[in-house]
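Every number for a ligand or one of its atoms is a count from 1 in the order of the listing.
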Amino acid sequence: SVDMSSFTKQTGYTSYDPGFVNTAPTSSGITYIDGDQGILRYRGYPIEQVAEHSTFLEVAWLLIYGEVPTAEQLEAFDHKVRRHTLLHEDLKRLFDALPHSAHPMSVLSSAVSALSTYYGDSLDPKDPEQVEMSTIRLLAKLPVIAAYAHKKSIGQAFLYPDNDRSFIDNFLWLNFGLMAEPYKENPVLIQALDRLLILHEDHEQNASTSTVRLVGSTEANLFASVSAGINALSGPLHGGANEAVLSMLGDIRDSGEGVHRFVERVKNKEDGIRLMGFGHRVYKNYDPRAKLVKESADAVLKELGVKDELLDIAKELEEIALADDYFIERKLYPNVDFYTGVIYKAMGFPTRMFTVLFAIGRLPGWIAHWREMNQDPHLRIGRPQQLYTGPAERHWPTSR
Ligand code: ACO
């Protein structure tokens with residue numbers, strides 16, 4: 001074990017580290033990543049094993065409480081989450097005040113922020129019971145808010161959660177319960193969505209989790225901290241990438257320029273375009289989640305009998321890029337988001353919902369980090385330094 005106190009003293013030195021590539025503002029026992037080897041582990045368990053053997057809520061428990069739950073613990077947890085799915089009826093009126101054209105991520109962060117106005121009895125980060133209550137409330141209500149953001153964007157009525165359904169089935173029901181095609185429980189889709197959400201549950205100090213921690217370091221409540229994390233996730237270089245991948249694939253199809261020509265334009269950095277869904281700040285070998293997602297993409301499209309031209313373009317892009325020196329030299333490989341959009345589209349989610357799905361997946365990680373941070377005896381308010389580059393002292397022009 002390491003005595004962290006020696007690390008937390010003021011050193012008198014400031015390191016200039018844009019993007020915090022070399023700076024660890026915290027220690028953490030939740031997720032291990034070795035980017036060079038392509039390793040991801042939740043609480044020590046390899047992601048491949050986690051994805052094969054668990055369910056979303058089981059992994060949420062593992063991340064938040066540190067161990068795989070017993071059957072009784074999981075059942076009680078699942079029961080508690082089901083009990084808290086309903087949104088206060090007045091809170092539902094918040095959705096009426098927002099335009100239909102609003103991006104569902106903006107609706108999501110606004111509604112999560114508003115949770116702190118309705119659930120004032122679970123805001124104190126120092127009270128373990130309140131922390132527990134806000135944890136359950138968020139896990140239960142975020143999928144419902146997400147489904148309402150979806151329904152709102154397509155002008156459909158909100159459904160009440162059906163708490164006899166499992167966590168994932170309930171979420172699909174809330175989204176597709178009123179569609180022209182009657183909604184039917186489909187184990188292949190449920191399993192695929194469960195897996196995608198599991199793969200997104202945590203990824204140590206990524207931009208949104210760091211945001212949740214930074215906001216939480218001020219002793220802001222969990223709803224406020226998570227709402228900030230959702231906003232951080234909304235950018236195209238982070239959670240917005242899955243949406244950006246699909247619009248890129250659509251552009252390639254519509255332009256008719258062909259995949260080779262597009263890749264050439266990326267390599268020439270024309271208009272700063274990048275191959276969305278490629279590259280990762282940490283994985284410089286391969287993203288272990290990408291392989292698992294690709295398997296799910298094949299399973300879902302087969303089950304639904306969907307023939308998707310965009311998937312063909314994605315596969316061709318991957319093949320060309322993986323054999324091209326530009327991408328090889330820069331260690332650019334498909335990341336988790338390269339195929340998720342194709343799956344979500346096949347399931348019937350509109351493109352603008354993709355990042356919202358990422359947020360549901362990442363929620364347990366945000367909660368686990370926020371809770372871990374609040375238990376840290378060395379917690380200090382996050383307050384980075386800067387290198388000042390503005391003018392030296394000068395005098396206000398009194399005559400102009
Ligand atoms: N397409 C083309 N070139 C790229 C790409 C890409 N997707 N990603 C990086 N590069 C190039 C850069 O232009 C740069 O080239 P140069 O050395 O000639 O200037 C080099 O690779 C290094 O790039 P950086 O931006 O320094 O890499 P960084 O680690 O900072 O960025 C990031 C990582 C943001 C993920 C980047 O790879 C990217 O923009 N990818 C596309 C967006 C994306 O898919 N984001 C999802 C991330 S995963 C997630 O959030 C779950």
Side-chain angles (χ1 to χ4, degrees), residues 17-23 31 33 35-36 38 40 42 47 51 105 195-212 229-249 251-252 259-294 296 313-314 317-344 351 354-366 369:
D17 186 12
F20 309 118
V21 229
N22 297 300
T23 300
T31 286
I33 299 176
D36 293 327
L40 168 62
Y42 290 166
I47 191 65
M105 277 298 271
R195 173 184 272 197
L196 292 194
L197 295 183
I198 288 169
L199 295 179
H200 284 88
E201 281 199 55
D202 194 45
H203 214 239
E204 45 119 308
Q205 308 305 320
N206 57 89
S208 58
T209 303
S210 299
T211 301
V212 170
I230 293 171
N231 283 318
L233 187 70
S234 69
L237 295 188
H238 189 10
N242 53 17
E243 189 174 327
V245 170
L246 220 73
S247 62
M248 172 188 76
L249 297 175
D251 287 348
I252 296 173
V259 176
H260 280 281
R261 172 79 196 104
F262 179 78
V263 170
E264 283 309 309
R265 290 206 294 120
V266 169
K267 286 161 59 180
N268 295 333
K269 302 190 172 150
E270 274 178 41
D271 307 320
I273 53 166
R274 286 188 166 199
L275 192 44
M276 298 313 286
F278 258 70
H280 198 277
R281 170 57 66 78
V282 180
Y283 295 118
K284 300 299 180 193
N285 178 336
Y286 71 95
D287 180 341
R289 302 166 301 174
K291 214 171 107 209
L292 296 160
V293 172
K294 197 173 170 184
S296 293
I313 295 175
L317 257 184
E318 182 182 356
E319 208 172 295
I320 294 171
L322 289 181
D324 190 298
D325 284 346
Y326 174 98
F327 298 93
I328 295 169
E329 279 161 16
R330 289 170 180 76
K331 301 187 190 305
L332 299 169
Y333 301 88
N335 59 49
V336 65
D337 282 324
F338 193 62
Y339 284 106
T340 48
V342 174
I343 302 177
Y344 294 149
T351 312
F354 294 175
T355 316
V356 170
L357 294 160
F358 189 157
I360 297 174
R362 185 54 51 88
L363 178 65
W366 290 333
H369 280 273

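- Within the 4.0 angstrom cut-off, atom 38 (C) of ligand 1 has one or more protein heavy-atom neighbours.
- Nearest protein heavy-atom contact of atom 23 (O) of ligand 1 is R274 NH2, 4.0 Å.
- When the heavy atoms of D337, I273, V266 are ranked by distance to atom 49 (C) of ligand 1, first place goes to D337.
- Looking from atom 7 (N) of ligand 1 to the surrounding protein, the closest heavy atom is L275 O, 2.8 Å.
- Nearest protein heavy-atom neighbour of atom 30 (O) of ligand 1: R281 NH2, 3.0 Å.
- The atoms of ligand 1 that sit less than 4.0 Å from any heavy atom of L237 are 39 (O), 45 (N), 46 (C), 47 (C).
- Ligand-side atoms of ligand 1 in range of F358: 51 (C), range being under 4.0 angstrom from any heavy atom.
- In terms of protein heavy-atom proximity, atom 17 (O) of ligand 1 is closest to R330 NE, 3.8 Å.
- In this structure, N285 contributes its side chain and G38 its backbone to no donor-acceptor pair below 3.5 Å.
- At a heavy-atom distance under 4.0 Å, only side-chain atoms of N335, from C-beta outward, approach ligand 1.
- Using a 4.5 Å heavy-atom threshold, the side chains of R281 and V21 count as touching.
- Judged purely by atom type and a 3.5 angstrom limit, N206 uses its side chain to pair as donor or acceptor with the backbone of E204.
- Annotation: side chain of I230 is in contact with side chain of W366 (closest heavy-atom distance under 4.5 Å).
- Between A51 and I198, the shortest heavy-atom distance links the atoms CA-CG2, 4.4 Å.
- The protein non-hydrogen atom at the shortest distance from atom 3 (N) of ligand 1 is Y326 OH, 3.0 Å.
- Residue contacts with ligand 1: H238 is placed with a nitrogen or oxygen under 3.5 Å of a nitrogen or oxygen of the ligand (distance criterion only).
- Pairing each heavy atom of H238 with each of A232, the nearest pair is CD2-O, 3.8 Å.
- Short contacts between ligand 1 and G277, defined as distances under 4.0 Å to a heavy atom of the residue, involve ligand atoms 43 (C), 44 (O).
- For atom 27 (O) of ligand 1, the nearest protein heavy atom (residue, atom name, distance) is K284 NZ, 4.6 Å.
- Within the 4.5 Å cutoff, no side-chain heavy atoms of L196 are placed close to those of L357.
- If you check which protein heavy atom lies closest to atom 40 (N) of ligand 1, you get F278 O, 2.9 Å.
- Between V263 and Y326, the closest side-chain pair of non-hydrogen atoms is not below 4.5 Å.
- Atoms of ligand 1 found under 4.0 Å from any heavy atom of A241 (numbered from 1 in listed order, with element): 43 (C), 44 (O), 45 (N), 46 (C).
- Taking the six-membered ring for Trp, F354 and Y344 have ring centres closer than 6.0 Å.
- A donor-acceptor pair under 3.5 Å is formed between the side chain of K284 and the backbone N or O of H280.
- With respect to atom 42 (C) of ligand 1, the closest heavy atom belonging to the protein is M276 CE, 3.4 Å.
- Here the side chain of N268 pairs no donor or acceptor atom with the backbone of E270 at under 3.5 angstrom.
- Close contacts between ligand 1 and K269 involve ligand atoms 13 (O), 15 (O), 16 (P), 18 (O), 19 (O) [criterion: under 4.0 Å to a heavy atom].
- Counting heavy atoms only, L332 comes closest to atom 8 (N) of ligand 1 of the residues L332, T340, T355.
- The shortest N/O to N/O separation between V336 and ligand 1 does not fall below 3.5 Å.
- Side chains of T340 and D337: a donor on one and an acceptor on the other come within 3.5 Å.
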